[in-house]
Amino acid sequence: MARPASPIRRSPTAPKGRAAARLQQATAPEAPSERLQKALATAGLGSRREMEEWIAEGRVQVNGEAATLGMKVGPRDVVKVSGRRVYLRFEDTRRTRILIYHKSEGEIVSRDDPKGRATVFDALPKLRGAKWISIGRLDYNTDGLMIFTTSGELANQLMHPRFEVEREYAVRILGELSDEQIQQLLDGVELDDGPAHLQSCFRAGGEGANRWYRVIIKEGRKREVRRIFEHLGFTVSRLTRIRFGPIALPPQLKRGQKTELDDDLVARVLEWAGMAPTPRRQTRGVPDKHTRKPRIR
């Protein structure tokens, strides 16, 4: 009886020695590579825009040479920033983390302050091989939702003006807006740095001389909400950010508390931003206290 043919066939002329090594090198998959500014941002050094500025300033070197905007790097390249080597993470190893924090009034959004004031970064957990990047800022007298991530790409997607990501605030003013004044804020006012307008403005109650409003804006210029109201002669006595893009501030998250989004919520945020999912962690983060999951739109 004839022996059945084997499902695995061996080539009678399989290359050996150096020929086999050359063939393996020729057919091996290419190492992952991506643009330098994106790789630096993904490593958590800052936003992509900041990385582009560092490259233009000559602070970045690749394999001993000054880096240029748009150049690509891979795992075999030696990258240094201000003389110190940076170990980049590529698609097969990096994992996006997102943390939300309820900022209090009297905190600044900066890593260092010559005046020694409290910063939001003081409250964040330490990271190894990455850095927390703040998505947007809040001024010294504003409280509410702050979002931090290890992904410079995600930070860029949420902050860059061209994406027009919504920011929602609760605003308390001294006095009350008329219907005509609300319409004026929606139509737009002229500020020192250009025109500005609210996407929406709704009354939200209030007592005595103070009135609350819920407003949405799609820009992140310095003190923009306050300046819009001041343009009409109103003083903002309280300003709280309650939503940024798809992430809303959980009502049960008190000032000074933080919570990290789990893998499912991170995946939903990345999908919302049009980004591919990243590797998942084996264990999930634990909030400061027992809180419900943040709401993702």
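As a basis for the values below, the full set of heavy atoms in this structure was taken, side chains included, without hydrogen atoms, waters or symmetry mates. Note that the numbering runs from 1 along the sequence shown for the chain.
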Less than 4.5 Å apart, side chain to side chain, heavy atoms only: is that true for K222 and R137?
no

Common cluster, L69/M71, ILVMFWY with side-chain heavy-atom separation under 4.5 Å:
yes

Heavy-atom count around R35 CZ within 6.0 Å, excluding the residue itself: above 12?
no

Answer yes or no: is there a side-chain heavy-atom contact under 4.5 Å between D193 and E224?
no

Given the rule that I, L, V, M, F, W and Y join up when any side-chain heavy atoms are under 4.5 Å apart, are V78 and M51 in one cluster?
no

With a 6.0 Å cut-off (strictly less than), is the heavy-atom count around CD of E190, excluding the residue itself, greater than 12?
yes

Quick check against the 3.5 Å criterion: does K103 have a side-chain atom that pairs as donor or acceptor with the backbone of L138?
no

Counting only N and O atoms by type, is there a donor-acceptor contact under 3.5 Å from the side chain of T150 to the main-chain atoms of R97?
yes

Following the transitive rule for hydrophobic clusters with a side-chain heavy-atom cut-off under 4.5 Å over Ile, Leu, Val, Met, Phe, Trp and Tyr, establish whether I108 and Y101 coincide in one cluster.
no

Rounded to the nearest 0.5 Å, what separates atom CD in Q37 from atom OG in S47?
11.5 Å

Just to verify, what does F121 make a ring pair (Phe, Tyr, Trp, His ring centres under 6.0 Å) with, not counting sequence neighbours?
F148

Tell me, do E176 and R203 make a side-chain contact under 4.5 Å, heavy atoms counted?
yes

Taking CD in Q183 as the centre, count heavy atoms belonging to other residues, nucleotides or ligands within less than 6.0 Å. Is the count above 12?
yes

Test item: side-chain donor near acceptor, D143 and S104, under 3.5 Å:
no

Report yes or no: do L186 and L191 belong to one cluster of Ile/Leu/Val/Met/Phe/Trp/Tyr joined by side chain heavy-atom distances under 4.5 Å?
yes

State, yes or no, whether a side-chain contact exists between V79 and L40 at a heavy-atom distance under 4.5 Å.
yes

Got a second to check how far R268's CZ is from I98's CD1, nearest 0.5 Å?
11.5 Å

Just so I know, are the side chains of V225 and V236 near enough to count as touching, which here means a heavy-atom distance under 4.5 Å?
no

Any T259 side-chain heavy atom under 4.5 Å of I100 side chain
yes

E57 atom CD, over 12 foreign heavy atoms within 6.0 Å
yes

As an exercise, state the distance from CG of N63 to CZ of R76, rounded to the nearest 0.5 Å.
12.0 Å

State whether the side chain of S110 and the backbone N or O of D113 hold a donor-acceptor pair below 3.5 Å, judged by distance alone.
no

Salt bridge present between D139 and R226 (N-O < 4.0 angstrom):
yes

Can you measure from CD (E105) to CG (N141) and round to the nearest 0.5 angstrom?
6.0 Å

As an exercise, state the distance from CD of E260 to OG1 of T149, rounded to the nearest 0.5 Å.
9.5 Å

Can you check whether R223 reaches E230 side chain to side chain, under 4.5 Å on heavy atoms?
yes

Within this structure, what is the OH-SG distance for the pair Y169 and C201, rounded to the nearest 0.5 Å?
14.5 Å

Under a 4.5 Å side-chain heavy-atom rule over Ile, Leu, Val, Met, Phe, Trp and Tyr, are F244 and F163 clustered together?
yes

Taking CZ in R84 as the centre, count heavy atoms belonging to other residues, nucleotides or ligands within less than 6.0 Å. Is the count above 12?
no

R172 meets the salt bridge (charged side-chain N to carboxylate O under 4.0 Å, His left out) criterion, sequence neighbours left out, with none

When you measure from the side chain of R211 to the backbone N and O of G208, does any donor-acceptor pair fall under 3.5 Å?
yes

Hey, does W272 have a side-chain heavy atom less than 4.5 Å from the side chain of V165?
yes

